[in-house]
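Below is one structure, written out as structure tokens; comments come after it.
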Protein chains: 2
Amino acid sequence: MGTKHSGSPGDVWLRPPARAAREAPPLSRDRIVAEAIALLDEEGADRLTMRRLAERLGTGSTTLYWHVKTKNDVLDLALDAIFAAVEIPRADGQDWRAGITALISGWRAVLLDHPWSAALLGRPMLGPNVLARSEFLYATLLDAGVTEPHLTAAAYGLSNYVIGSALMQATWTAGEGQATRAAAQERFRADRDRYPVLAAHGPLASDSDWDTSFALGLSWLLDGVHATVEEASSRGRGSSGK
Amino acid sequence: MGTKHSGSPGDVWLRPPARAAREAPPLSRDRIVAEAIALLDEEGADRLTMRRLAERLGTGSTTLYWHVKTKNDVLDLALDAIFAAVEIPRADGQDWRAGITALISGWRAVLLDHPWSAALLGRPMLGPNVLARSEFLYATLLDAGVTEPHLTAAAYGLSNYVIGSALMQATWTAGEGQATRAAAQERFRADRDRYPVLAAHGPLASDSDWDTSFALGLSWLLDGVHATVEEASSRGRGSSGK
DNA sequence: CGGGGAACGGATCATTGATCCGGTCCCCGA
DNA sequence: TCGGGGACCGGATCAATGATCCGTTCCCCG
């Protein structure tokens with residue numbers, strides 16, 4: 001007896017000097033989220049498990065639950081964290097259109113940089129980064145003279161458009177989406193008589209196609225918003241009512 | 001020995017007359033999908049498990065794998081199946097705008113009728129129902145005189161817009177989304193100084209708000225598409241090129 | 001009527017999210 | 001200086017789930 005206690009992990013002399021293991025910062029919620037993002041970027045959404053994440057952090061899987069309540073928390077935190085990279089244009093009173101375009105484009109870029117995020121869009125986004133950018137969007141529109149119900153419609157329309165676009169592109173572009181697209185093209189050709197138009201104008205091929213399509217749709221939306229402002233102001237001046 | 005063979009399920013006399021169990025149709029892929037949709041509608045996406053699905057069908061869970069390769073297959077099939085409810089307007093050459101509006105609105109209605117579908121939008125949709133409706137969309141736009149690159153941009157823009165809108169609304173409307181929205185409103189009020197505009201123009205409240213916002217954004221997109229056609233045709237007539 | 005493929009399901013496995021509970025580390029006050 | 005307690009960690013373990021193995025039953029066709 002004495003050689004083998006119940007919980008002692010080996011002989012004293014073999015244990016590290018009790019401080020070596022502390023070289024790394026003591027695991028924080030931030031480190032967990034950062035590592036989760038790295039893991040998601042490298043391996044995709046379905047490869048993220050608490051065990052794997054813990055392993056990459058050099059800790060036990062159960063330790064994570066001290067800093068985070070559930071796996072969903074990790075996902076929510078990761079999702080909000082990536083939006084920190086979206087620069088918020090400074091409000092300049094003029095040229096609201098440029099500001100909004102920049103914001104929305106940045107939003108899209110982030111979603112495409114982290115394709116796993118698209119699959120997570122179906123959850124409430126209430127993190128500080130997302131809210132700050134929504135606030136900017138609303139404020140800018142309001143400042144531009146957009147009034148209800150156009151204000152809400154514009155904010156939601158723009159958000160929904162980016163989300164949908166990123167979701168679609170991530171689906172067909174990321175990971176095995178590439179292979180799927182090839183198979184789809186093949187299928188269109190096979191069912192050429194059933195889907196003649198689709199067979200001719202197949203799925204988007206190059207990145208630039210995605211980009212120009214996105215830009216066009218965005219400009220249409222912004223034109224629409226612009227028109228409501230024009231109409232309101234001209235009516236305000238008392239000229240043409242309709 | 002003799003009373004208890006290895007695999008025989010009880011005494012012969014206790015077994016049903018070997019035909020009673022066959023009153024129900026013999027389990028087909030279609031029945032599985034239909035039941036899956038019912039289950040999803042009633043209990044949501046995360047409650048769908050192969051076991052529970054099998055139980056509702058009165059079969060063993062492993063039997064499902066004879067008709068379907070994976071659970072993902074079930075989801076893909078269910079997702080495509082619900083779009084059968086979207087009526088395809090008959091092509092009438094005139095008034096392409098009405099046709100597209102009808103299609104897109106029907107699309108949205110289906111997504112909202114089955115809120116679980118929103119979470120599944122991040123996968124390739126290549127089922128026959130989806131393809132047929134995409135074909136109609138492309139064909140109608142083409143017929144209306146929309147040309148590349150506006151054609152692709154219009155088709156994708158419209159699709160993305162519906163998808164994003166439905167995803168967003170389902171997130172905040174379905175199930176616990178309601179509760180979340182209340183909490184969100186609360187939070188805006190608390191952080192009033194950080195999110196002044198959001199606090200004032202809170203999340204959408206009534207269904208009609210969602211509807212009108214959606215309709216407005218859709219009309220802006222269609223206006224944009226319409227403008228490209230106008231411009232092309234006027235340029236064709238050789239009048240004002242700009 | 002008998003063979004064979006279609007259809008079925010019990011037992012079982014690996015993975016994963018989450019919890020229990022006991023151990024370790026470190027700061028802070030007496 | 002010392003000891004108590006809270007922050008932090010992780011091995012063992014549980015329940016749920018997707019999926020497979022393999023033996024059994026059903027039923028059509030020659």
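What's counted below: heavy atoms across the whole structure, side chains too, no hydrogens, waters or symmetry copies. A note on names: the letters A, B, ... follow the listed sequences, proteins ahead of strands, and every chain is numbered from 1.
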Residue pairs passing the side chain to side chain donor-acceptor pair (under 3.5 Å) test where at least one lies in residues 153-162 of chain A, sequence neighbours excluded | A:Asn160-B:Ser165

Taking only residues two or more places apart in sequence or in another chain, which ones pass side chain to side chain donor-acceptor pair (under 3.5 Å) with A:Arg29?
-> none

Applying salt bridge (charged side-chain N to carboxylate O under 4.0 Å, His left out) to A:Arg133 and not counting sequence neighbours gives none

Using salt bridge (charged side-chain N to carboxylate O under 4.0 Å, His left out) as the criterion, list what pairs up with B:Arg108, not counting sequence neighbours.
-> B:Asp211

By salt bridge (charged side-chain N to carboxylate O under 4.0 Å, His left out), A:Arg52 pairs with (sequence neighbours left out) none

Nearest-Å distance, CZ (A:Arg52) to C1' (C:dA18)?
-> 18 Å

Who are the side chain to side chain donor-acceptor pair (under 3.5 Å) partners of B:Glu42, not counting sequence neighbours?
-> B:Arg56

Expressed in angstrom and rounded to an integer, what is the separation of B:Arg29 atom CZ from C:dA6 atom C1'?
-> 15 Å

Contacts under 3.5 angstrom, residues 189-199 of chain A side chains, donor-acceptor by atom type, not counting sequence neighbours:
none

What pairs with B:Asp80 under salt bridge (charged side-chain N to carboxylate O under 4.0 Å, His left out), at least two apart in sequence or on another chain?
-> none

Between C:dT15 (P) and B:Met50 (CE): distance, integer Å = 20 Å

Grab the CG-C1' distance between B:Leu27 and D:dC26 for me, whole Å please.
-> 14 Å

Verdict with reasoning, A:Leu53 to A:Lys71, per side-chain contact (heavy atoms from CB on, under 4.5 Å) | CA-CA 10 Å; A:Leu53 179 56; A:Lys71 182 186 177 182; over 6 Å; no

Which ones in residues 53-60 of chain A lie close to DNA chain C, meaning a heavy atom under 4.0 Å from one of its atoms?
-> none

Nucleic acid contacts of residues 34-44 of chain B, taken as heavy-atom distances under 4.0 Å to DNA chain D | none

Nearest whole angstrom, please: distance from the P of D:dA16 to the CG of B:Leu48.
-> 17 Å

Give the rounded distance in Å between these two atoms: CZ of B:Arg51 and P of C:dA11.
-> 13 Å

Please tabulate, for side-chain N and O atoms in residues 100-107 of chain A, each donor-acceptor pair with protein atoms closer than 3.5 Å (sequence neighbours left out).
residue	atom	partner	partner atom	Å
A:Thr101	OG1	A:Arg97	O	2.8
A:Ser105	OG	A:Thr101	O	2.8

DNA chain C contacts made by residues 61-73 of chain B, counting heavy atoms under 4.0 Å | B:Thr62, B:Thr63, B:Trp66, B:His67

Do other residues, nucleotides or ligands put more than 12 heavy atoms under 6.0 Å from the CD atom of B:Glu43?
-> yes

